[in-house]
Undergrad: 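The structure follows.
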Number of protein chains: 2
Amino acid sequence: MKLTANKIAGLLRQHGYKLTPQRWAVLNVISHRHDHLTPAAIYDRVSQEHPGIGLVTIYRTLEVLAELGLLCKVHVEGGCRSYLMRRPSVHHHHLICSGCGRVVDFTDCALNELEQRLSRETGFEMKDHLLELYGHCQNCQKIA
Amino acid sequence: MKLTANKIAGLLRQHGYKLTPQRWAVLNVISHRHDHLTPAAIYDRVSQEHPGIGLVTIYRTLEVLAELGLLCKVHVEGGCRSYLMRRPSVHHHHLICSGCGRVVDFTDCALNELEQRLSRETGFEMKDHLLELYGHCQNCQKIA
DNA sequence: AAATAATTGAAAATTATTTTCATTTAGACA
DNA sequence: TGTCTAAATGAAAATAATTTTCAATTATTT
Ligand SMILES: [Zn+2]
Ligand SMILES: [Zn+2]
Ligand SMILES: [Zn+2]
Ligand SMILES: [Zn+2]
């Protein structure tokens, strides 16, 4: 189920945003694709059709569209980093307190079944996964 | 953390790395904590004890320690972004091709049970989660 | 103790993102 | 339709995060 141009237009206006050619150009680039693009990559593609549009506008447009819930953000390897001494030597994941950064490790991620099912359904060969749980630790619950 | 000190020393030497005071200082800062720290935060803390050590060295040390499997990397909100038109309006996640960036959405993340169990075990109040699966799509399997 | 290859710090370079500000424009409305 | 105004834009500067370069230093080997 695809969002029509009208729906998008309405959404923008509803929130007091204007419908500019620049925003259409960005939407045009991302709306027909099934892959994820960085701001710079979007800029490159937008530039091909509309050489006048600046990278700043791409950033601003993406922010607006994301705010309206029209976009998903994807985390990419190497994009962000914060470090932690590795404690379990085996495969594990982190439960992270958004308040203080405290981390609890857990080893039972139970994604095998999901991976297998999706592999069967999509033909993807599964390699890896990123899983992080966020919450507030007992300490930070008191504070907040 | 004396038990691991020898292990760490051995690991470094095994891989042809030297055991410098700078590396000890970094290890010292992260090894006793249960939270995650950015390079800048680690730099701040290291500086308190060893004002001479440069931020560049922190970066380089973290790279080495991560390579040796001594550290975990944590993704943090806002750290990295690549965008995608949102397709399912409901809660969902992405299966991403590491080759071409293609994305398949899936809505069945099945993390409730895990979250509940961990909440019970740790006292954390669960808020959110980040889940991404990585693999190679059929196209990219042929190419590779 | 000398040799040497790895490591370091300072500075410069690169990259990604945000802010500032003067100018333009979409959409409202007379 | 033309006028008005808040919102949006582009260029440039500012900020932030990371990487590269390079000469000087140092941990380890012999
Ligand atoms: Zn906390
Ligand atoms: Zn897992
Ligand atoms: Zn692919
Ligand atoms: Zn989910």
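Basis for what follows: all heavy atoms, side chains included, without hydrogens, waters or symmetry-related copies. Throughout, a chain's letter reflects where its sequence line sits, starting with A, and its residues are numbered from 1.
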Undergrad: Select base, sugar-phosphate, or nothing to describe what Arg60(A) touches, counting heavy atoms under 4.0 Å on all strands.
TA: base
Undergrad: Toward the 5' end of DNA chain D, which comes first, Tyr59(B) or Pro21(B), by nearest nucleotide?
TA: Tyr59(B)
Undergrad: Would you please confirm or rule out a distance under 4.0 Å between OP1 or OP2 of dA16(C) and any side-chain N or O of Arg81(B)?
TA: no
Undergrad: Rounded to whole angstrom units, what separation is found between the CZ atom of Arg13(B) and the P atom of dT7(C)?
TA: 12 Å
Undergrad: Quick one: Ile58(B) CD1 to dA17(D) C1', roughly how many Å, whole number?
TA: 15 Å
Undergrad: Taking atom C1' of dT28(D) as reference, at what distance in whole Å does atom CG of Leu12(B) sit?
TA: 13 Å
Undergrad: Name the pairing partner of dA23(D), where a pair is Watson-Crick or G-U wobble with both distances under 3.5 Å, or state none.
TA: dT8(C)
Undergrad: Side-chain contact, heavy-atom cut-off 4.5 Å: Tyr83(A) with Leu37(B)?
TA: no
Undergrad: Quick check on DNA chain C: between Glu63(A) and Leu55(B), whose nearest nucleotide comes earlier from the 5' end?
TA: Leu55(B)
Undergrad: Should Gln22(B) be listed as having a side-chain N or O under 4.0 Å from OP1 or OP2 of dA27(D)?
TA: no
Undergrad: What's the closest nucleotide to the Arg23(A) side chain, out of dT8(C), dT18(D), dA8(D)?
TA: dA8(D)
Undergrad: Considering Watson-Crick and G-U wobble pairs with both distances under 3.5 Å, what does dA11(D) pair with?
TA: dT20(C)
Undergrad: Kindly indicate whether the side chain of Glu125(A), heavy atoms from C-beta on, has any atom under 4.5 Å from the side chain of Ser119(A).
TA: no
Undergrad: Go through dA6(D), dA6(C), dT18(D) for me and flag the one nearest to the Lys18(A) side chain.
TA: dA6(D)
Undergrad: Any side-chain heavy atom of Asp105(B) within less than 4.5 Å of one from His94(B)?
TA: yes
Undergrad: Check the distance between dT26(D)'s P and Ile53(B)'s CD1 and give it to me in whole angstrom.
TA: 13 Å
Undergrad: Can you tell me how far P of dA11(D) sits from OH of Tyr43(A), to the nearest Å?
TA: 8 Å
Undergrad: Rounded to whole Å, please give me the gap between CG in Asp44(A) and C1' in dT15(C).
TA: 14 Å
Undergrad: Residues two or more places apart in sequence or in another chain: which of them pass side chain to side chain contact (heavy atoms under 4.5 Å, CB included) with Leu55(B)?
TA: Tyr43(B), Ile58(B), Tyr59(B)
Undergrad: Rounding to a whole Å, what distance do you find between Ile42(B):CD1 and dA17(D):C1'?
TA: 14 Å
Undergrad: Quick one: on DNA chain C, does Val56(B) or Thr20(B) contact a more 5' nucleotide (nearest heavy atom)?
TA: Thr20(B)
Undergrad: Among side-chain atoms of His91(A) and His93(A), is any donor-acceptor pair under 3.5 angstrom?
TA: yes
Undergrad: Which nucleotide in the list dA26(C), dG27(C), dT18(C) gets nearest to the side chain of Leu19(A)?
TA: dG27(C)
Undergrad: Using atom CG of Leu62(B) as one end and atom C1' of dT18(D) as the other, report the distance to the nearest whole Å.
TA: 12 Å
